[in-house]
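Below is one structure; the comments refer to it alone.
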Protein chains: 2
Amino acid sequence: MAKRTQGRPAGLSRERIAAAAVDLVDRQGLESFGVRRLASELGVDPMSIYNHIKGKAALLDAVSEAVLTEVSAPATQWPDDWLDIARAMAHGYRDMAVRHPRIFPLLATRAQTSAVALAALERLTAAMRRATLADRAVADAPLVLFGFLNGYLLATLSTDPGGSDAPATPPAFDPARYPTLAALAPLQAGFGGAAEFERMLEAVLAGIAEGATGPPATR
Amino acid sequence: MAKRTQGRPAGLSRERIAAAAVDLVDRQGLESFGVRRLASELGVDPMSIYNHIKGKAALLDAVSEAVLTEVSAPATQWPDDWLDIARAMAHGYRDMAVRHPRIFPLLATRAQTSAVALAALERLTAAMRRATLADRAVADAPLVLFGFLNGYLLATLSTDPGGSDAPATPPAFDPARYPTLAALAPLQAGFGGAAEFERMLEAVLAGIAEGATGPPATR
DNA sequence: AGGCTACGATCTACACCGTAGGTATGCAGA
DNA sequence: TCTGCATACCTACGGTGTAGATCGTAGCCT
């Protein structure tokens, strides 16, 4: 009766689906994202997606994996010094988060066990060990570093709700109730900016380095 | 016709609803949480909830506000030293997160602008200023500290999916592909434990202190 | 006492969601 | 040519959040 396109290939693949999903979440946000929306974006029946990805959860996994892969371009030459490696990884990670602020909460929320993620950790910890740092500190470093990165980036990029594009304004404080915060407010001009990130990253790295070389936990 | 209970008060209130929602998310997880489930838990029509809270988003706000309020018991005596204040706040925060692992992602994801949250930041920054630390470092401290706390706790408490109660096992590594990670694995025995938290917290605090007193960002 | 008003609880209905199960189509190898 | 098989589609079901109308009760004012 009606025109049928059932058997004809539509060029779907896990990669193409994931790419379209990334694009759609970037534009419309996580809130409104769904299988049906994605399907109509691809000009395809919703259920067709299930032939390549087995459910919405797996779809979100594919999305986060796709953006995570962006972070380390395959041809990047990594430095030798572990601190420089950590800095490079942090910057790449932040750049990705800035490119995909609506997707980032996915990464921070879900446990990352993909090959790219593990490879990055391996690089970092191997370099730290080569520098003969204390094993304890080396083992702790990834959790401290990426804990901070995830939390900080979540806080500075949180313009989650669907529509408007607020330019990441810092919240304004009532000077009567919170005098110190109000007094410090001018210093938060570059909230979420690159310079701020730099300072905080260095603070965290200093903390890691201190624990790795200085007095071990003389609390 | 059927028994009507329409006019009779059901004892609903924002607080009672929030408390029930906290309890329900604790037990069943965020995934399956919904207005209808909550209503049936309260023995009430779904739409009745809307007379007190204006939508699902506001409901989740109420939930996160409720658990955030737990963190600082009203009668707590706060120390004078800013480091001790930071430690106390961090511990209280972690205790809350451990009590409500299914709820915590809400706190880490949404911007916290409630009165309790701001009051806590005011306490911390005021103490740091009293200690005549550099203003820059004082202004940065909350973001560094809570960035780390949110990210780290998200990572260690992530047993998100609805049903099973996995005891927060660290992931296992393939020794061939990731030799360093595998070698370090034994050190991750207490993954997510109190001792680990202590070490990492001290590392972050050391980083903050270093930036506040030592050489400022001689990068 | 009688009547009015405001409020909270309920009911109905709608658009939308994820996805299980079944069906049709084209292609590769026999 | 016939047979499998992968892939795309269709239908349908139970679930969701919530707008709008309706109903019963409590508390006031005269």
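Chain letters run A, B, ... following the sequence lines, proteins first, then strands; residues in each count from 1.
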Contacts under 3.5 angstrom, residues 49-59 of chain A side chains, donor-acceptor by atom type, not counting sequence neighbours:
none

Quiz item: Is there a donor N/O on one and an acceptor N/O on the other, under 3.5 Å, for the side chain of B:Asn51 and the base of C:dA9?
Solution: yes
Exercise. Can you tell me the distance, in whole Å, between the CZ atom of A:Arg14 and the C1' atom of D:dA6?
Key: 18 Å
Self-check item: Under-4.0 Å side-chain N/O to phosphate OP1/OP2 contact, B:Ser48 with C:dG8
Solution: no
Practice problem: Considering non-hydrogen atoms only, spot the tightest contact between B:Pro179 and B:Ala176 and give its length. | Solution: CD-O, 4.0 Å
Quiz item: Does OP1 or OP2 of C:dC7 have a side-chain N or O of B:His52 closer than 4.0 Å?
Solution: no
Exercise. Let me know the distance between CD1 of A:Ile53 and P of C:dT19, rounded to the nearest Å.
Key: 12 Å
Exercise. Check each of A:Arg36, A:Arg27, A:Arg16 against A:Glu41 using the salt bridge (charged side-chain N to carboxylate O under 4.0 Å, His left out) test, and report the only one that passes.
Key: A:Arg27
Practice problem: Mind jotting down which residue pairs meet the salt bridge (Lys or Arg N to Asp or Glu O under 4.0 Å) criterion with at least one end in residues 107-121 of chain B? Sequence neighbours excluded, please. | Solution: B:Asp61-B:Arg110
Quiz prompt | Neighbours of DNA chain C within residues 16-26 of chain B, by heavy-atom distance under 4.0 Å | solution = none
Practice problem: Return the value, rounded to whole Å, for the distance between atom CG of B:Asp45 and atom P of D:dA21. | Solution: 17 Å
Quiz prompt | Of A:Val67, A:Val25, A:Leu68, A:Val63, the residue whose pairing with A:Leu106 passes side chain to side chain contact (heavy atoms under 4.5 Å, CB included) | solution = A:Val63
Practice problem: Return the set of residues passing ring-ring contact (aromatic ring centres under 6.0 Å, His included) with B:Tyr152 (not counting sequence neighbours), or none when no residue passes. | Solution: B:Phe148, B:Phe197
Quiz item: Just by distance, do the side chain of B:Glu196 and the backbone of B:Gly192 share a donor-acceptor pair under 3.5 Å?
Solution: yes
Exercise. Would you mind building the protein contact string for nucleotides 13-20 of chain D? One character per nucleotide, 5' to 3', B for base within reach (heavy atoms under 4.0 Å), S for sugar-phosphate only, - for untouched.
Key: ---BBBBB
Mind listing the side-chain donor-acceptor pairs of residues 115-123 of chain B below 3.5 Å, one per line with the distance, residues two or more places apart or on another chain?
residue	atom	partner	partner atom	Å
B:Glu122	OE1	A:Thr180	N	3.2
B:Glu122	OE1	A:Leu181	N	3.1
B:Glu122	OE2	A:Thr180	N	3.0
B:Glu122	OE2	A:Thr180	OG1	2.8

